[in-house]
Novice: 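I have a structure I would like to understand better, so I am pasting it below and will then ask my questions one at a time.
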Amino acid sequence: MTDQPDMNAVVGSHDILLLTLDTLRHDVAAELAAAGRIPHLSRLLPGGRWEERHAPGSFTYASHMAMLAGFLPTPASPGPHPRLFAARFPGSESTAERTWTFETPDLASGLAAAGYHTACVGGTGFFNRRSALGSVIPDMFAESHWEESFGVTDPHSFENQVARAAEIAAARPAGEPLFLLLNVSALHQPNWFHLPGAVREDGDTRESHAAALEYVDRHLPPLLEAMAARRPCFAIVCSDHGTAYGEDGHTGHRIGHEVVWTVPYAHFFLPQGYTARVEEASA
């Protein structure tokens with residue numbers, strides 16, 4: 001299990017990034033890390049490996065609502081496991097001495113009460129504000145951003161999201177800490193266009209899912225550098241749920257299958273002035 005930092009010392013002194021790699025499967029993420037195909041992420045993963053965890057929900061809305069209440073993906077080994085963040089409520093068995101607790105119903109408002117500016121860069125449809133449902137998560141944040149170019153159908157979605165996130169970070173006053181949620185849409189179907197040589201008729205596959213993660217990794221450095229430009233950053237990078245590509249006849253998610261519930265997770269610190277060293281990592 002990943003070491004448990006003292007979040008009471010982190011909150012207030014660090015910017016906080018929650019990067020949700022929407023729909024990323026654990027098995028695909030682990031294979032790519034082991035094969036050296038995601039060098040920027042692998043450099044930051046403890047021991048170069050993802051931690052295997054269980055998602056708090058089987059689709060985007062359910063999982064993000066749980067995570068924003070402090071219920072990040074749970075370690076796959078027997079618990080109980082202390083949580084990083086927790087809304088204060090009686091009888092919690094996963095709130096420990098190093099857990100940062102808040103009095104509000106969700107993490108964003110809890111961090112706002114602690115002096116953070118909160119911002120959200122959405123990706124999938126639950127962030128698009130095109131309905132009351134698509135406004136629930138964005139409404140938790142002081143500012144939220146979504147546009148078509150951030151969505152699942154744009155082959156350049158992550159680049160576009162990173163550019164906006166960097167603008168948000170650069171615009172904040174030096175003395176104000178930032179909590180940023182970035183919901184990455186690139187892994188979600190459709191993802192066939194990330195696989196070199198694929199055409200629409202090929203459809204989405206486990207291979208194009210992997211190619212989408214490689215795409216995200218290539219464009220990750222500017223986000224990390226932007227988040228660590230003003231002060232140290234504590235980053236949580238995880239999937240909200242996996243997805244099926246034909247296993248046991250299943251396609252997609254919002255189902256109780258192992259490939260949906262088993263997700264990759266990591267948290268780590270970025271020192272102030274972190275440099276991604278793109279050339280070194282790509283060598």
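Residue numbers count from 1 along this sequence.
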Novice: For H26, which residues count as a side chain to side chain donor-acceptor pair (under 3.5 Å) partner, sequence neighbours excluded?
Specialist: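 H26: no side chain to side chain donor-acceptor pair (under 3.5 Å) contacts found.
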Novice: Could you name each residue pair satisfying side chain to side chain donor-acceptor pair (under 3.5 Å) that touches residues 118-127, not counting sequence neighbours?
Specialist: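 Non-adjacent pairs meeting side chain to side chain donor-acceptor pair (under 3.5 Å): T124-N183.
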Novice: Give me each pair satisfying salt bridge (Lys or Arg N to Asp or Glu O under 4.0 Å) with a member in residues 260-269, each pair once, sequence neighbours excluded.
Specialist: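 For residues 260-269, and leaving out neighbouring residues, there are no salt bridge (Lys or Arg N to Asp or Glu O under 4.0 Å) pairs at all.
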Novice: In terms of relative ring orientation, are H257 and H250 parallel, tilted or perpendicular, with 30° and 60° separating the classes?
Specialist: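 It falls in the perpendicular class, over 60°.
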Novice: Would I236 and M67 satisfy side chain to side chain contact (heavy atoms under 4.5 Å, CB included), going step by step from the backbone distance to the final call?
Specialist: CA-CA 11 Å; I236 302 164; M67 288 192 284; over 6 Å; no
Novice: Can you give me the closest heavy-atom contact between S94 and H81, atom names plus distance?
Specialist: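 Where S94 meets H81 most closely, the heavy atoms are CB-O, 3.4 Å.
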Novice: Name all residues meeting the side-chain contact (heavy atoms from CB on, under 4.5 Å) criterion together with A212; count only those two or more places apart in sequence or in a different chain, and write none if there are none.
Specialist: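 If we apply the side-chain contact (heavy atoms from CB on, under 4.5 Å) test to A212, skipping adjacent residues, the hits are L187, N191, H194.
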Novice: With sequence neighbours left out, what residues match W100 under side-chain contact (heavy atoms from CB on, under 4.5 Å)?
Specialist: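 Listed in chain order: M7, N8, V11, F85, F102, L107, L111, A114.
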Novice: Under a plain distance cut-off of 3.5 Å, with no hydrogens placed, do H253 and T243 share a side-chain donor-acceptor pair?
Specialist: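 Per modelled atom types, T243 and H253 side chains form a pair under 3.5 Å.
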Novice: By side-chain contact (heavy atoms from CB on, under 4.5 Å), which residues pair with F193, not counting sequence neighbours?
Specialist: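 Result, side-chain contact (heavy atoms from CB on, under 4.5 Å) vs F193: P155, P190.
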Novice: Identify, with sequence neighbours excluded, every residue that meets side chain to side chain donor-acceptor pair (under 3.5 Å) alongside N160.
Specialist: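 Checked N160 against side chain to side chain donor-acceptor pair (under 3.5 Å); zero matches.
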Novice: Show me the donor-acceptor pairs within less than 3.5 Å that the side chains of residues 27-36 make with the rest of the protein, sequence neighbours left out.
Specialist:
{"from": "D27", "atom 1": "OD1", "to": "R25", "atom 2": "NE", "distance (Å)": "3.0"}
{"from": "D27", "atom 1": "OD2", "to": "R25", "atom 2": "NH2", "distance (Å)": "2.7"}
{"from": "D27", "atom 1": "OD2", "to": "R206", "atom 2": "NH2", "distance (Å)": "3.3"}
{"from": "E31", "atom 1": "OE1", "to": "R206", "atom 2": "NH1", "distance (Å)": "3.1"}
{"from": "E31", "atom 1": "OE1", "to": "R206", "atom 2": "NH2", "distance (Å)": "3.4"}
{"from": "E31", "atom 1": "OE2", "to": "R206", "atom 2": "NH2", "distance (Å)": "2.7"}

Novice: Same cluster or not: are W50 and L17 linked, directly or through other Ile, Leu, Val, Met, Phe, Trp or Tyr residues, by side-chain heavy atoms under 4.5 angstrom apart?
Specialist: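 Same cluster: W50 reaches L17 through Ile, Leu, Val, Met, Phe, Trp or Tyr contacts under 4.5 Å.
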Novice: Looking only at heavy atoms, which two atoms of L72 and Y265 are closest? And how far apart?
Specialist: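 Of all heavy-atom pairs spanning L72 and Y265, the closest is CD1-OH, 4.1 Å.
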Novice: Going hydrophobic residue to hydrophobic residue with side-chain gaps under 4.5 angstrom, can you get from L213 over to L224?
Specialist: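 Yes, it is one cluster - the side chains of L213 and L224 are joined through contacts under 4.5 Å.
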Novice: Can you check whether I255 reaches F59 side chain to side chain, under 4.5 Å on heavy atoms?
Specialist: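 Not touching, per the 4.5 Å side-chain cut-off.
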Novice: In chain order, what residues pass the side chain to side chain donor-acceptor pair (under 3.5 Å) check against R130, with sequence neighbours excluded?
Specialist: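 For R130 the side chain to side chain donor-acceptor pair (under 3.5 Å) partners, ignoring immediate neighbours, are E148.
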Novice: T101: which residues meet the side chain to side chain donor-acceptor pair (under 3.5 Å) condition with it, sequence neighbours left out?
Specialist: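 T101: side chain to side chain donor-acceptor pair (under 3.5 Å) contacts with R88.
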Novice: Run the side chain to side chain contact (heavy atoms under 4.5 Å, CB included) test on R53 and C238 for me, step by step, so that the C-alpha distance in whole Å, both residues' side-chain angles and the decisive distance to 0.1 Å come before the verdict.
Specialist: CA-CA 9 Å; R53 293 202 173 195; C238 64; over 6 Å; no
Novice: Decide yes or no for R98 and P82: does some side-chain heavy atom of the first lie under 4.5 Å from some side-chain heavy atom of the second?
Specialist: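 No, their side chains stay 4.5 Å or more apart.
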Novice: How close do P138 and F126 get, counting heavy atoms only, and between which atoms?
Specialist: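 Smallest heavy-atom distance, with atoms named: CD-O, 3.9 Å.
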Novice: Linking I/L/V/M/F/W/Y whenever their side-chain heavy atoms sit closer than 4.5 Å, directly or via other members, would L18 and V263 fall into one cluster?
Specialist: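 No; tracing contacts between hydrophobic side chains, which count when under 4.5 Å, never links both residues.
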Novice: Do you know which of L84, D15, L270 makes side chain to side chain contact (heavy atoms under 4.5 Å, CB included) with F234?
Specialist: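 Only one of L84, D15, L270 forms a side chain to side chain contact (heavy atoms under 4.5 Å, CB included) with F234, namely L84.
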Novice: Does any N or O in the side chain of Q161 come within less than 3.5 Å of the main-chain N or O of L182, such that one atom is a donor and the other an acceptor?
Specialist: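 No.
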Novice: Is the backbone N or O of P39 less than 3.5 Å from a side-chain atom of S42, with the two atoms forming a donor-acceptor pair by type?
Specialist: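 No, the answer is negative, given that no donor and acceptor are paired below the 3.5 Å cut-off.
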Novice: Let me confirm one number: the OG1-CZ distance from T99 to R83, rounded to the nearest 0.5 Å.
Specialist: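 Going from the OG1 atom of T99 to the CZ atom of R83 covers 7.0 Å.
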Novice: Heavy-atom count check: over 12 atoms from other residues, nucleotides or ligands less than 6.0 Å from E176 CD?
Specialist: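 Yes, enclosed.
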Novice: Ring pair (Phe, Tyr, Trp, His ring centres under 6.0 Å): which pairs involve residues 138-180, sequence neighbours left out?
Specialist: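 Found F141-F179.
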Novice: Out of curiosity, does V184 fall in the hydrophobic cluster containing V152 (side-chain heavy atoms, cut-off under 4.5 Å, transitive links)?
Specialist: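 Shared cluster, no.
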Novice: Verify, without hydrogens or angle tests, whether D106 (side chain) and L68 (backbone) share a donor-acceptor contact under 3.5 angstrom.
Specialist: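 No, because the side chain of D106 does not come within donor-acceptor range (under 3.5 Å) of the backbone of L68.
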Novice: Shortest non-hydrogen contact from I137 to F127?
Specialist: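 Closest approach of I137 to F127: CG2-CE2, 3.5 Å.
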Novice: Looking at V136, is its backbone amide N or carbonyl O close enough to the side chain of D139 to form a donor-acceptor pair, meaning the two atoms are under 3.5 Å apart?
Specialist: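 No: the side chain of D139 does not pair with the backbone of V136.
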Novice: So which atom in G110 and which in T104 form the shortest heavy-atom distance, rounded to 0.1 Å?
Specialist: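 Taking G110 first and T104 second, the nearest heavy atoms are N-OG1, 2.9 Å.
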Novice: For the backbone of E258 and the side chain of T262, can you confirm whether one donor and one acceptor N or O come within less than 3.5 Å of each other?
Specialist: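 Here the side-chain-to-backbone pair exists.
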Novice: Among residues at least two apart in sequence or on other chains, which ones pass side-chain contact (heavy atoms from CB on, under 4.5 Å) with A66?
Specialist: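 Result, side-chain contact (heavy atoms from CB on, under 4.5 Å) vs A66: P56, F71.
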Novice: Is there a side-chain contact between P75 and E51 in this structure, where contact means two heavy atoms from C-beta onward sitting under 4.5 Å apart?
Specialist: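 Answer yes - side chains close enough.
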Novice: Is L195 linked to I38 within one hydrophobic cluster, defined over Ile, Leu, Val, Met, Phe, Trp and Tyr using a side-chain heavy-atom separation of less than 4.5 Å?
Specialist: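 Not linked; separate clusters.
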Novice: Just do the side chain to side chain contact (heavy atoms under 4.5 Å, CB included) check on E201 and W192 with the steps written out, would you?
Specialist: CA-CA 9 Å; E201 290 71 25; W192 61 267; over 6 Å; no
Novice: Short question: side chain of R172, backbone of H117 - any donor-acceptor pair under 3.5 Å?
Specialist: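 A pair under 3.5 Å: no.
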Novice: Please determine whether side chain to side chain contact (heavy atoms under 4.5 Å, CB included) holds for the pair E97 and D6, giving the CA-CA distance in whole Å, both sets of side-chain angles, and the decisive distance to 0.1 Å.
Specialist: CA-CA 8 Å; E97 183 179 350; D6 186 352; over 6 Å; no
Novice: Is the Y245-H209 ring centre distance short of 6.0 angstrom?
Specialist: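 Close enough - the centres of the two rings lie under 6.0 Å apart.
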Novice: Does the side chain of P177 reach to within under 4.5 Å of the side chain of R231, using non-hydrogen atoms?
Specialist: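 Heavy-atom side-chain distance check passes, below 4.5 Å.
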Novice: Indicate whether any N or O donor in one side chain lies under 3.5 Å from an N or O acceptor in the other, for T60 and D22.
Specialist: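 There is such a pair between these side chains.
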Novice: Can you give me the closest heavy-atom contact between C233 and M227, atom names plus distance?
Specialist: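 Shortest heavy-atom separation between C233 and M227 comes out as CB-O, 3.5 Å.
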Novice: Looking at CD1 of I16 and CG of L180, how far apart are the two atoms once the value is rounded to the nearest 0.5 Å?
Specialist: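 Reported value, rounded in 0.5 Å steps: 11.0 Å.
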Novice: Hey, does R230 have a side-chain heavy atom less than 4.5 Å from the side chain of L178?
Specialist: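 The answer is yes, as the side chains (C-beta and beyond) meet within the 4.5 Å cut-off.
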Novice: Which distance, rounded to the nearest 0.5 Å, do you find between the CG of D217 and the CZ of R43?
Specialist: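 Nearest 0.5 Å value for the CG-CZ distance: 11.5 Å.
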